[in-house]
Undergrad: 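The structure follows.
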Amino acid sequence: MDARRGITLPPPVMSVIERLKSCGYTVFIAGGAVRDIVMNRQRPVDWDIATSATPAEVSSCFDHVVPTGVAHGTVTVVAGGMNIEVTTYRHDGPYVDGRRPEYVVYLDDIVADLARRDFTVNAMAFDPATGELVDPYGGADDIERCLIRCVGDPAHRFSEDKLRMLRAIRFAATLGFDVDTRVVDAARSLAPEIEQVSVERIMDELMKTMRAPKPGAALLLMEKMGLAPHVFPELCSEAGEEERRRLYAACDLLSPEPEERFAALLWPLGPKGSRHVLGRMRASREFSLAVSRIIEGARDLEEHPSDYQLRLAVSRIGQDHLLSAVRLKNALRGDREEALTDMEAMEKRVQSVLAQRPPLRVTDLDVGGKEIMEATGLKPGPGVRIVLQRLLHETLRDPSVNKKECLLAMAREIGEEIKEEFTH
Ligand code: ATP
Ligand code: MG
């Protein structure tokens with residue numbers, strides 16, 4: 001326990017640090033964990049360790065080491081059931097493609113290592129044994145001021161790695177910080193170059209950004225930096241700036257699950273267009289299907305949907321997405337206050353409709369194909385399917401008719417109507 005920072009490190013992390021020290025190397029916690037410790041915000045999830053030991057030297061100190069990123073000086077030590085990333089202090093060689101350094105040079109000084117890091121708040125190191133905080137760029141001050149600032153000249157740092165423009169937005173959103181104006185200006189002049197970055201890396205940052213408490217501000221920042229047309233070209237050609245702002249505001253009203261928020265963002269593109277964009281961005285099939293279902297469901301709903309409309313929507317898009325579709329429809333309303341007020345009531349309605357377990361598929365009906373054929377005289381085939389579909393529709397309108405007698409009586413009537421067509 002370090003009294004100065006009030007933080008207890010997981011024992012395996014502590015033992016990795018102690019072991020490296022006992023072998024004569026210097027060791028610090030670095031990156032996001034230090035930021036979280038200084039902010040006293042949350043218990044860090046990843047404990048990245050920085051050391052003067054080279055990957056080979058680290059490997060020789062432990063029994064179980066996986067060479068996860070040796071090219072960048074990183075190995076993973078498996079200890080006490082944890083995977084602990086240990087990275088050698090390094091300096092990044094020249095960035096040839098605006099994405100990754102061509103090579104890395106190992107160093108034996110933590111201060112020199114911190115120079116390669118993107119933002120001051122991410123460029124601090126902490127020695128848990130002594131409580132020493134190494135903070136050469138004023139990260140702790142910037143935390144105090146709630147400010148994202150680059151280590152060094154932002155234009156230079158962004159031209160090395162263009163993804164950093166989106167990382168600035170992501171950290172501002174997740175930490176609730178402002179972005180230094182020099183950072184915004186630099187990003188504005190380099191924005192088109194974000195297209196050099198792989199969609200996977202972009203998507204990874206976007207997902208983290210969309211999970212922030214209020215992603216709307218981050219999306220506005222993306223506009224301000226001029227990144228929006230390069231990150232979401234399809235959206236920007238479909239929706240004007242004012243419309244986009246409305247979508248960004250809607251994102252803030254939705255749950256932090258990125259499916260809902262992406263559905264708000266890609267709303268003007270419709271279910272198919274959203275699937276196309278997310279496919280291009282290499283989102284998982286499951287994710288893009290969820291987003292498109294939510295959009296599809298919301299599109300068919302009225303602002304104050306009846307129970308029938310809700311049941312119809314579930315039968316189309318599935319139970320898992322109804323609540324999201326209703327929330328989306330609500331969030332897209334012009335009046336933010338009203339939308340907020342109605343959200344809870346709408347959620348309750350959805351829950352009560354789902355709790356009634358309405359029949360949603362023909363297999364949920366209280367009759368089967370065989371009984372329909374007996375009652376109507378129809379032969380197996382499309383006629384039977386039509387009867388079942390119409391019965392389902394009737395039960396969505398009024399679930400109380402889902403009783404064998406009722407359904408068979410209706411089936412006979414429908415059978416009479418369509419007999420002509422299906423008996424030959
Ligand atoms: P999180 O808690 O979200 O994981 P993090 O700060 O740990 O935040 P990571 O993306 O995991 O962020 O990166 C770990 C650290 O590595 C950062 O804090 C930063 O010091 C450095 N870093 C990561 N990516 C870059 C980059 N593209 N350019 C410069 N430094 C980077
Ligand atoms: Mg991390």
Undergrad: Who pairs with Asp185 by salt bridge (Lys or Arg N to Asp or Glu O under 4.0 Å), at least two apart in sequence or on another chain?
TA: Arg188
Undergrad: Could you go through Gln389 and His393, starting from their C-alpha distance and side-chain angles, then the distance that decides it, and tell me whether this counts as side-chain hydrogen bond (donor to acceptor under 3.5 Å, both in side chains)?
TA: CA-CA 6 Å; Gln389 284 295 348; His393 206 91; over 6 Å; no
Undergrad: Hey, could you give me each pair passing side-chain hydrogen bond (donor to acceptor under 3.5 Å, both in side chains) that has a residue in residues 348-370? Not counting sequence neighbours.
TA: Asp307-Arg349
Undergrad: Has Glu242 got more than 12 heavy atoms of other residues, nucleotides or ligands less than 6.0 Å from its CD?
TA: no
Undergrad: Does any part of the side chain of Ile29, heavy atoms only, come nearer than 4.5 Å to the side chain of Pro128, both counted from C-beta?
TA: yes
Undergrad: To the nearest 0.5 angstrom, please state how far the CZ atom of Arg35 sits from the CG atom of Asp142.
TA: 13.0 Å
Undergrad: Among pairs that include at least one residue of residues 273-310, which meet ring pair (Phe, Tyr, Trp, His ring centres under 6.0 Å), considering only residues two or more places apart or in two chains?
TA: Phe262-Phe287
Undergrad: Is there a donor-acceptor pair under 3.5 Å between the side chain of Thr76 and the backbone N or O of Ile84?
TA: no
Undergrad: Is there side-chain contact between Leu235 and Val277, with at least one heavy-atom pair below 4.5 Å?
TA: no
Undergrad: Given 3.5 Å as the limit, does a donor-acceptor pair link the side chain of Arg90 with the main chain of His72, or not?
TA: yes
Undergrad: For residues 214-229, please give each side-chain donor-acceptor pair under 3.5 Å, one per line with the distance, not counting sequence neighbours.
TA:
unit_1	atom_1	unit_2	atom_2	d
Glu223	OE1	Arg244	NH2	3.0
Glu223	OE2	Arg244	NE	2.7
Glu223	OE2	Arg244	NH2	3.4
Glu223	OE2	Tyr248	OH	2.4

Undergrad: More than 12 non-hydrogen atoms from neighbouring residues, nucleotides or ligands closer than 6.0 Å to CD on Glu144, yes or no?
TA: no
Undergrad: Looking at side-chain heavy atoms only, is the closest gap between Leu175 and Cys146 below 4.5 Å?
TA: no
Undergrad: Identify the residue among Asp204, Asp161, Asp118 that makes a salt bridge (Lys or Arg N to Asp or Glu O under 4.0 Å) with Arg167.
TA: Asp118
Undergrad: Taking only residues at least two apart or on different chains, which pairs with a member in residues 59-88 satisfy salt bridge (charged side-chain N to carboxylate O under 4.0 Å, His left out)?
TA: none
Undergrad: Determine which pairs satisfy side-chain hydrogen bond (donor to acceptor under 3.5 Å, both in side chains) with at least one residue from residues 262-272, sequence neighbours left out, and list them in order.
TA: none
Undergrad: Take Val179 and Phe177 through the test side-chain contact (heavy atoms from CB on, under 4.5 Å) and record every step on the way to the result.
TA: CA-CA 7 Å; Val179 175; Phe177 282 16; over 6 Å; no
Undergrad: Please name the pair of heavy atoms, one in Asp108 and one in Tyr89, separated by the smallest distance, quoted to 0.1 Å.
TA: C-CD1, 3.4 Å
Undergrad: Mind checking the CG-CD spacing from Leu310 to Glu302? Nearest 0.5 Å is all I need.
TA: 10.5 Å
Undergrad: If we ignore hydrogens and angles and just use 3.5 Å, is the side chain of Arg211 paired with the main-chain N or O of Thr174 as donor and acceptor?
TA: no
Undergrad: How would you list, by chain and number, every residue that makes a salt bridge (Lys or Arg N to Asp or Glu O under 4.0 Å) with Asp398, sequence neighbours excluded?
TA: none
Undergrad: Check Ser324 against Glu260 and note the closest heavy-atom contact, atom names and distance.
TA: OG-OE2, 2.8 Å
Undergrad: With Glu102, which residues qualify under side chain to side chain contact (heavy atoms under 4.5 Å, CB included), at least two apart?
TA: Pro94, Val96
Undergrad: Per the side-chain hydrogen bond (donor to acceptor under 3.5 Å, both in side chains) rule, what does the pair list look like for residues 227-236, sequence neighbours excluded?
TA: Glu195-His230, Glu234-Arg280
Undergrad: State, to 0.1 Å, how close Val121 and Ile148 come at their nearest heavy-atom pair, and which atoms those are.
TA: CG2-CD1, 4.1 Å
Undergrad: Of Thr26, Asp109, Asp113, which meets side chain to side chain contact (heavy atoms under 4.5 Å, CB included) against Ser52?
TA: Thr26
Undergrad: Which heavy atom of Ala186 sits nearest a heavy atom of Phe158, and at what distance?
TA: CB-CD1, 4.0 Å
Undergrad: Decide yes or no for Leu163 and Glu205: does some side-chain heavy atom of the first lie under 4.5 Å from some side-chain heavy atom of the second?
TA: yes
Undergrad: Working to the nearest 0.5 angstrom, can you tell me the gap between Leu322 CG and Arg316 CZ?
TA: 12.0 Å
Undergrad: Rounded to the nearest 0.5 Å, what separation is found between the CG atom of Asp135 and the CD1 atom of Ile143?
TA: 8.0 Å
Undergrad: List the atom pairs, with distances to 0.1 Å, where a side-chain N or O of residues 290-298 and a protein N or O form a donor-acceptor pair under 3.5 Å, not counting sequence neighbours.
TA:
unit_1	atom_1	unit_2	atom_2	d
Ser292	OG	Arg275	NH1	3.2
Ser292	OG	Ser288	O	3.3
Ser292	OG	Leu289	O	3.0

Undergrad: Nearest heavy-atom pair of Arg164 and Phe119: which atoms, and what distance?
TA: O-CZ, 3.4 Å
Undergrad: Nearest 0.5 Å, what's the CD1-CE distance between Ile202 and Met165?
TA: 9.0 Å
Undergrad: Enter the distance from Leu133:CG to Ile37:CD1 here, rounded to the nearest 0.5 Å.
TA: 9.0 Å
Undergrad: Arg299 side chain to Lys329 main-chain N or O, any donor-acceptor pair under 3.5 Å?
TA: no
Undergrad: What verdict does the side-chain contact (heavy atoms from CB on, under 4.5 Å) test give for Leu20 and Phe62, after you've listed the backbone C-alpha separation in whole Å, the side-chain angles of each residue and the deciding distance to 0.1 Å?
TA: CA-CA 9 Å; Leu20 285 166; Phe62 300 96; 3.9 Å; yes
Undergrad: With Glu259, which residues qualify under salt bridge (Lys or Arg N to Asp or Glu O under 4.0 Å), at least two apart?
TA: none
Undergrad: Can you find a pair of side-chain heavy atoms, one from Phe232 and one from Leu206, that are under 4.5 Å apart?
TA: yes
Undergrad: Do Glu394 and Arg390 touch side chain to side chain, with heavy atoms closer than 4.5 Å?
TA: no
Undergrad: Quick test of your reading of the model: are Glu241 and Arg245 salt-bridged, counting only N-O distances below 4.0 Å?
TA: yes
Undergrad: Please walk me through it: do Leu391 and Ile372 pass side-chain contact (heavy atoms from CB on, under 4.5 Å)?
TA: CA-CA 10 Å; Leu391 291 178; Ile372 299 289; 3.6 Å; yes
Undergrad: Any side-chain heavy atom of Leu9 within less than 4.5 Å of one from Ile17?
TA: yes
Undergrad: Verify, without hydrogens or angle tests, whether Arg117 (side chain) and Val151 (backbone) share a donor-acceptor contact under 3.5 angstrom.
TA: no
Undergrad: Mind checking whether Glu160 and Pro101 have side chains closer than 4.5 Å, heavy atoms only?
TA: no
Undergrad: Work out which heavy atom in Ala168 is nearest to a heavy atom in Val183; give both atom names and the distance.
TA: CB-CG1, 4.1 Å
Undergrad: Which residues pass the salt bridge (Lys or Arg N to Asp or Glu O under 4.0 Å) test with Glu347, sequence neighbours left out?
TA: Arg327
Undergrad: Taking it one step at a time, do Asp300 and Leu312 satisfy side-chain contact (heavy atoms from CB on, under 4.5 Å)?
TA: CA-CA 9 Å; Asp300 293 340; Leu312 208 56; over 6 Å; no
